[in-house]
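Notes for the one structure printed next.
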Amino acid sequence: MKMEKKDIWLFLAQVGVWALMILVFPLAIFVSTRSWESTSTSLLMVWQLLRAPMAVYFANFYLLGPHLFFRRRYWLFALCNILLILGVNYGFFFGYFMIRERVPQMTGNAWIGYFSGAFMFLLLNAVTAAVAVGIRHLQRVRQIKQQLKEEKARSTEAELAWLKNQINPHFLFNTLNNISSLTQIDPDAAQDAIAQLSDLLRYAMYETNKAAVPIQGEVDFMRNYIALMKLRCNERTAVNCRFSILNYQLPVAPLLFISLIENAFKHGVSSSRPSKIDISLADEGSSLVFTCDNTNYPKDDADRSGSGIGIENTRRRLDLLYPGRYQWEQSLQGDTYHVRITLKKDSALPLGSSKNHL
C-alpha cells in the first residue's frame, strides 16, 4: 500500500499525542520539584504504565483493524486482541508469581485488590483497542466519501465530454449539408460560408475545452452559426436575433445554447409555409436570460434530423454544471415553440470552474 504524505502526518500526529500523554506527568513533577531524579522516576513509571496500551493502539490502528475488523473477521480480530493484550501485559502474570513467592502471607483482600487492578488495566487496553478501531473507522469513512466525491467528479467530467461530443458532430453534419447545397447555387457564398465554418470549428476545438469561457466568444459563435443556418432559409423565413450583454467577460459554460438554436432551425423552418425564429440573449437585472421562439413544424417519422437530442443534452448539461442554479421554461403555444433559460449572474460560472479560466 502506497504511503501518502497525509498518512505520514497522521502517524506523526498520533505519536505526538502519545508522547504528550507520557511526558505531561513527568513535566509536572519537574516543574513542582526541580528534581531530575523524581522526574526520571515518574517518567519510567508512566512509560511502564502506557507502553502496553500504546502498543495495543498502534497494532489495532494499522494492522488488526484494517486487516481483520473491517474485513468482518470479528472472531479472529477478538482472538488476536486477547493474545496481544495478554502478551504486552505479561508483567502481571510474572508479578503474581513473584508476589506469592516474596510475600506468601498476603491476605485475601490484598489479592483481590491486585487482581482487580490487573483486570482494570487489561480493560483499559481493550478500550484503547476500541478507540483505535473507532478512529480508524472515522478515517476510513472520510476516505470513502472523498473517493466517492472524486469518482462523481470524474463521472461528471466524462459525461460532459460525451455530451459535447454529441453536440459538435451533430452541428458539423448539418452545417456541411447546408454548404453542400449552397455550392450548387452560389459558389462564392459557399466559399465564404466555409471560411465562417472554419472560424466556428476553431472556436469549438480550441476555446471550449475550458469549464467557462467569456460570453463574448459565445455570442460571436452564435452570430456566425445563425448566419450559416440562414443560408438554407428562403424568403418565407424571418430570423430575428438580439444580443444585449452588459459584461462581455461574464463567464458561461461553452456551447450551452447552440443546441437550442440548432433545434429551432430544424423544427421551425418550412420551405412552403411562413416561418419565424426569434433568438435573444440579454442581461435582465441580476439574470442572464436566453430565449428562443420558433414556429413548430414537427418532423415525420422518416426524418430523423430533429430527434430532440439537442434539448435533452442541453438540459443534462445544465443539471451537471448549474445544479439548482438555473430555471428552464419550455412550452408549445399554438404553432409556436418557446424555450427560456435563466441563469443568475452570480451563478453564471459553471460548477467546479474558476474565474482563472478566463
Side-chain angles (χ1 to χ4, degrees), residues 1-26 43-97 114-163 211 316 319-321 323-324 351-352:
M1 184 177 179
K2 184 179 179 180
M3 182 71 71
E4 298 181 1
K5 183 179 292 186
K6 61 181 180 181
D7 299 318
I8 297 175
W9 281 111
L10 177 62
F11 174 76
L12 294 176
Q14 293 176 104
V15 170
V17 171
W18 279 100
L20 182 63
M21 289 191 296
I22 292 172
L23 294 175
V24 64
F25 182 69
L43 179 61
L44 180 61
M45 182 183 66
V46 173
W47 170 250
Q48 294 282 350
L49 183 67
L50 292 183
R51 65 180 181 180
M54 184 172 65
V56 170
Y57 176 88
F58 282 103
N60 274 275
F61 190 89
Y62 287 104
L63 294 174
L64 301 183
H67 297 289
L68 296 180
F69 186 83
F70 296 140
R71 295 182 180 179
R72 300 186 178 182
R73 300 175 182 176
Y74 299 127
W75 288 106
L76 185 58
F77 170 78
L79 177 62
C80 288
N81 261 298
I82 291 173
L83 295 177
L84 173 65
I85 292 173
L86 293 178
V88 296
N89 293 284
Y90 66 91
F92 283 112
F93 303 104
F94 287 101
Y96 166 73
F97 294 107
Y114 172 79
F115 284 114
S116 296
F119 174 78
M120 293 301 296
F121 189 71
L122 294 176
L123 182 62
L124 173 64
N125 282 255
V127 171
T128 302
V131 170
V133 174
I135 295 175
R136 184 71 174 191
H137 174 70
L138 293 177
Q139 182 202 26
R140 183 167 173 260
V141 169
R142 184 177 179 182
Q143 288 176 342
I144 291 174
K145 288 183 177 180
Q146 181 64 29
Q147 289 173 356
L148 289 174
K149 184 178 179 181
E150 292 173 356
E151 287 296 328
K152 184 177 180 180
R154 282 193 290 267
S155 176
T156 299
E157 291 174 1
E159 185 171 359
L160 285 170
W162 182 85
L163 290 172
R316 184 57 183 154
D319 287 337
L320 293 171
L321 293 170
L351 188 65

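Keep in mind that what you see is a predicted model, and the values were worked out from it rather than measured.
The shortest heavy-atom contact between P66 and R136 is CG-NE, 3.5 Å. The two residues F61 and A132 have their closest heavy-atom pair at CD1-O, 3.5 Å. The two residues V46 and M21 make their nearest non-hydrogen contact at CG1-O, 4.2 Å. A59 approaches L84 most closely through the heavy-atom pair CB-CD2, 3.7 Å. A52 and V88 make their closest contact through CB-O, 3.7 Å (heavy atoms, listed as atom of the first residue, atom of the second, distance). When all heavy atoms of L64 and F77 are compared, the closest pair comes out as O-CD1, 3.6 Å.
Within the model, atoms CG of L79 and CG of L83 stand 4.5 Å from one another, a figure rounded to the nearest 0.5 Å. Remark: L10 CG to K5 NZ distance equals 15.0 Å, nearest 0.5 Å. With rounding to the nearest 0.5 Å, the separation of CG in L49 from CD1 in I22 is 10.0 Å. The SG atom of C80 sits 10.5 Å away from the CZ atom of R73 when rounded to the nearest 0.5 Å. Of the inter-residue distances, the one linking R316 atom CZ with L321 atom CG reads 10.0 Å to the nearest 0.5 angstrom.
The side-chain heavy atoms of R71 and L76, taken from C-beta on, include no pair separated by under 4.5 Å. By the 4.5 Å heavy-atom criterion applied to side chains, N60 and F69 are not counted as neighbours. With a 4.5 Å cut-off on side-chain heavy atoms, Q48 and L44 count as touching.
Heavy-atom contacts from other residues, nucleotides or ligands closer than 6.0 Å to NE2 of H137 number 12 or fewer.
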